[in-house]
Amino acid sequence: FNADFSDPNNINYLRVELCTDPNHVQNDPNVFDLEDAFSISMWVRRDSLTGDWAYLVYTDAYDLELAKNPDGDGDPYDYFWSSEPDWQYSVGVQTEEQKNLGSWYHLAITCDNQFLKKYVNGVLQHTRYISPEVNLPRATTDFYIASRAGSDRAFTGALDDVAIWSGSYLPAEEVAKLASGAATPLT
């Protein structure tokens, strides 16, 4: 993959280029597709509220957004969004750990093609039923971490150990291990 760490308008994000060249063995155009089941896991430190959605991961097919205002003025919910069909699922209001600016917490979103679940520090916080007929589309653009396609709609803070599992989801025990440090995405 080609990746760059960018700084347009003093906004930092990571862009991973989606390569569809079939002659390039290491680049799989399906690499960012989540399929029917998936998990997204990362350590998050939010340093400030920007007044807009804080994008943790973004493609044209899906994204994960933190609440605009966790304390309730406006929209206090975190969301997982998919472009086809155009659906957006709330994954619950932010927890006290998430509202504490400048502090680290572990966030995981899992989906087993029936339930979308949000975990904070290894503890299940929200479960949302989704229709099994909903299929996530294929990503056709680059993959961004901490921004929406390089726009000023970015996350302000730090992310660590960002991992995405496609085609399978992590059960609660595995999410708890990641949050406790007993396992890493590579073990």
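Every heavy atom of this structure was used, including side-chain atoms; hydrogens, water molecules and symmetry mates were not.
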Check for a donor-acceptor pair, side chain of Ser39 on one end and backbone N or O of Leu170 on the other, with a separation under 3.5 Å.
yes

Please examine the side chains of Val44 and Leu159, heavy atoms only from C-beta on, and report whether any two atoms are closer than 4.5 Å.
yes

Heavy atoms only: give me the nearest Glu97-Tyr105 pair and the separation to one decimal.
O-CD2, 3.7 Å

Report yes if the side chains of Leu107 and Val120 come closer than 4.5 Å at any heavy-atom pair, otherwise no.
yes

If you take all heavy atoms of Cys111 and Leu116, which pair is closest and at what distance?
CB-CD1, 3.9 Å

To the nearest 0.5 Å, tell me how far Ile109 CD1 sits from Tyr79 OH.
13.0 Å

Heavy-atom closest pair, residues Thr110 and Tyr119:
OG1-CE1, 3.7 Å

Contact summary for Ser90 and Tyr77, nearest pair of heavy atoms
OG-CD2, 3.2 Å

Is a side-chain N or O of Lys117 found less than 3.5 angstrom from the main chain of Pro171, in a donor-acceptor match?
no

Hey, quick one: are Leu56 and Val162 part of the same hydrophobic cluster, counting side-chain heavy atoms closer than 4.5 Å, chains of contacts allowed?
yes

List the steps, then state whether side chain to side chain contact (heavy atoms under 4.5 Å, CB included) holds for Phe115 with Arg128.
CA-CA 5 Å; Phe115 294 100; Arg128 177 85 185 236; over 6 Å; no

Mind running salt bridge (charged side-chain N to carboxylate O under 4.0 Å, His left out) on Asp78 and Lys118 for me, showing each step along the way?
CA-CA 9 Å; Asp78 295 338; Lys118 173 179 141 182; 2.9 Å; yes

How far does NE2 of His126 sit from OG1 of Thr95, to the nearest 0.5 angstrom?
13.0 Å

On a heavy-atom basis, which atom in Phe155 and which in Ala54 lie closest, and how many Å separate them?
CD1-CB, 4.0 Å

Heavy-atom check, side chain of Gln125 versus side chain of Gln98, under 4.5 Å
no

Do Asp161 side-chain atoms and Met42 backbone N/O form a donor-acceptor pair below 3.5 Å?
no

Looking at CZ of Phe80 and CD of Glu65, how far apart are the two atoms once the value is rounded to the nearest 0.5 Å?
10.0 Å

Provide the closest heavy-atom pair for Ala108 versus Val175 in the form atom of the first, atom of the second, distance.
CB-CG1, 3.8 Å

